[in-house]
Protein chains: 2
Amino acid sequence: MNFHKRIVIIEDDYELRECYKLIIKSVDRYHFVNSYENCEQAFPFLNKDKPDIVLMDINLFSGMSGIDGVKYLKSKNPYIEVVMISVHDDAELVFDALRAGASGYITKSSNYIELIQSLDELVKGGAPMSSKVARMVINNFHSNPNSPLSEREKDVLRLIAEGKSYTQIADQLFISKETSKTHIKNIYSKLEVNSKAEAIETAKSKKYI
Amino acid sequence: MNFHKRIVIIEDDYELRECYKLIIKSVDRYHFVNSYENCEQAFPFLNKDKPDIVLMDINLFSGMSGIDGVKYLKSKNPYIEVVMISVHDDAELVFDALRAGASGYITKSSNYIELIQSLDELVKGGAPMSSKVARMVINNFHSNPNSPLSEREKDVLRLIAEGKSYTQIADQLFISKETSKTHIKNIYSKLEVNSKAEAIETAKSKKYI
DNA sequence: AAGTTATCACCCAAAATGGGGGATTTTGGA
DNA sequence: TCCAAAATCCCCCATTTTGGGTGATAACTT
């Protein structure tokens with residue numbers, strides 16, 4: 001079933017479009033179906049093209065952005081795998097693309113062999129990413145080991161993040177309501193905030209929890 | 001600066017330990033420093049070994065687990081890169097390892113070439129991951145396109161997740177307090193919950209926001 | 001001996017909550 | 001063009017929560 005995966009390209013640069021097309025046509029196990037300048041031109045033909053994989057430029061000049069493109073495409077056809085191709089690897093752009101449903105994110109510097117390797121990686125059940133993107137994604141998981149908060153305070157903060165009240169936190173941690181209040185007061189003073197909302201925002205942005 | 005990266009191995013299986021050692025010694029650009037059976041034996045020698053990279057088994061039978069090991073190691077020496085080696089790729093284990101500070105996660109099926117490629121990837125500024133791990137990490141970013149919530153309700157829910165009150169939500173979205181209350185009532189009915197905490201838990205676990 | 005952490009108590013007034021009822025206007029698809 | 005969904009707003013109610021203050025005790029680490 002790994003044979004003849006159908007590939008569609010959405011890329012507004014003519015030269016790149018042709019380049020990708022040649023690369024894909026050079027490999028037996030991939031079948032180049034069509035290439036388009038933007039999402040608006042591509043989407044009406046999706047039912048006919050039936051791609052397994054779409055290579056999508058993230059910075060499309062005309063029409064919707066690549067982010068909106070993948071969001072729309074995945075909502076209509078969740079089984080199509082979308083790999084974003086971009087010159088930028090700005091963290092928020094990458095994360096937005098992934099949230100929107102992209103299964104991979106590679107940079108345009110990718111040469112012949114890297115593009116094919118990315119497709120192979122995807123077909124193998126992986127998620128092709130350029131080095132920097134992989135590192136960004138992993139770093140996004142890292143929690144801050146230098147949190148000023150004690151373990152118990154982190155417990156309390158996690159429950160605050162779930163919207164729990166003083167009483168609910170107390171019940172869940174088997175402590176009295178007064179104790180949960182004390183913990184929260186101490187959290188506020190350490191994080192220099194004075195409400196639950198601010199505490200969560202500060203703690204999450206600094207990866208304290 | 002990519003030359004002679006110092007490698008330390010923490011792995012309780014003798015055969016595997018020797019195997020990794022041979023592989024690393026076979027490549028000029030890596031310098032095998034030492035191998036240990038567990039974290040307790042390794043950590044006293046870290047200041048002497050001065051590794052750039054630690055290959056750590058996640059399932060250590062004696063002493064602390066690999067997760068606790070990487071957490072401790074990174075808290076003491078954040079500049080050491082840790083790559084987890086595991087037979088399992090259970091989602092929660094992977095995510096725990098990454099949260100704890102691992103810079104990569106590869107499976108034990110990795111052969112000679114894959115282990116060296118992983119180290120190369122790490123040195124290049126990337127994050128070595130086996131295919132399944134990469135996919136799990138990426139899938140963790142995907143939001144659910146079939147959310148029953150309207151865009152406005154998602155806006156409100158995001159603010160609830162930040163711990164905001166009815167009034168604060170109203171102010172931030174330039175609507176009246178009554179409107180934010182109505183939105184929240186509708187969110188509760190759609191998610192079949194009846195408190196802010198439950199709403200956040202349900203929506204996040206189903207990736208509605 | 002000093003510091004941190006975790007636990008608990010009592011005071012207060014203001015704000016927030018969840019649940020009930022009803023209403024209008026705008027918007028997007030069939 | 002019509003209808004349903006979405007977004008906006010208003011009133012009522014009793015109960016709970018909140019943030020702030022001051023204080024204490026025990027355990028544990030350094």
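Chain naming here is simple, since letters A, B, ... match the order of the sequence lines and numbering starts at 1 in each. As a basis for the values below, the full set of heavy atoms in this structure was taken, side chains included, without hydrogen atoms, waters or symmetry mates.
For A/R99, the salt bridge (Lys or Arg N to Asp or Glu O under 4.0 Å) test picks out A/E92, A/D96, with sequence neighbours left out. B/F43 meets the ring pair (Phe, Tyr, Trp, His ring centres under 6.0 Å) test with B/Y72; sequence neighbours excluded. For A/Y14, the side chain to side chain contact (heavy atoms under 4.5 Å, CB included) partners at least two apart in sequence or on another chain are A/R17, A/E18. Residues passing the side chain to side chain contact (heavy atoms under 4.5 Å, CB included) test with A/N59 are A/D57, A/S86, A/V87, A/H88, sequence neighbours excluded. Residues satisfying the salt bridge (Lys or Arg N to Asp or Glu O under 4.0 Å) criterion with B/K181, sequence neighbours excluded, are absent altogether.
Side-chain atoms of B/S176 and B/T179 include a donor-acceptor pair closer than 3.5 Å. Looking at B/D49 and B/Y36, their side chains do bring a donor and an acceptor atom within 3.5 Å of each other.
A heavy-atom distance below 4.0 Å to DNA chain C is reached by these residues of residues 165-172 of chain B, ordered by number: B/S165, B/Y166, B/T167. Near-neighbour residues of DNA chain D inside residues 185-209 of chain B, defined by a heavy atom below 4.0 Å, number-ordered: B/K190.
Protein atom CD of A/E151 is 8 Å distant from nucleotide atom P of C/dA6, rounded to whole Å. Straight-line distance from the NZ atom of B/K181 to the C1' atom of C/dA23: 16 Å, rounded to whole Å.
Of the options A/L46, A/V33, A/N77, A/I7, a side-chain contact (heavy atoms from CB on, under 4.5 Å) to A/P51 is made by A/L46 and by none of the others.
Distances shorter than 4.0 Å separate none of the side-chain N or O atoms of A/T179 from OP1 or OP2 on C/dA6. Put simply, A/S176 has no side-chain N or O that comes within less than 4.0 Å of OP1 or OP2 on C/dT7.
Annotation: ring-ring contact (aromatic ring centres under 6.0 Å, His included) contacts involving residues 176-202 of chain A, sequence neighbours excluded, are absent. Residue pairs meeting the side-chain hydrogen bond (donor to acceptor under 3.5 Å, both in side chains) criterion with at least one partner in residues 37-47 of chain A, sequence neighbours excluded, are A/N38-A/S62. The list of ring-ring contact (aromatic ring centres under 6.0 Å, His included) pairs with a residue in residues 134-174 of chain A, not counting sequence neighbours, reads A/F141-B/F95.
The residues B/R135 and A/E121 are annotated as not salt-bridged, no charged nitrogen and carboxylate oxygen being separated by less than 4.0 angstrom.
Summary for the helix from C/dA1-D/dT30 to C/dA30-D/dT1: the axes at its two ends, each from 5 pairs, differ by 80° when rounded to the nearest 10 degrees.
Side-chain contact check for B/I53 versus B/R6: every heavy-atom pair is 4.5 Å or farther apart.
Nucleotides of DNA chain D with any atom under 4.0 Å from a heavy atom of chain B span, from 5' to 3', D/dA6 to D/dC12.
When each of B/E178 and B/R152 is assigned the nucleotide of DNA chain D with its nearest heavy atom, B/R152 is the one assigned upstream, toward the 5' end.
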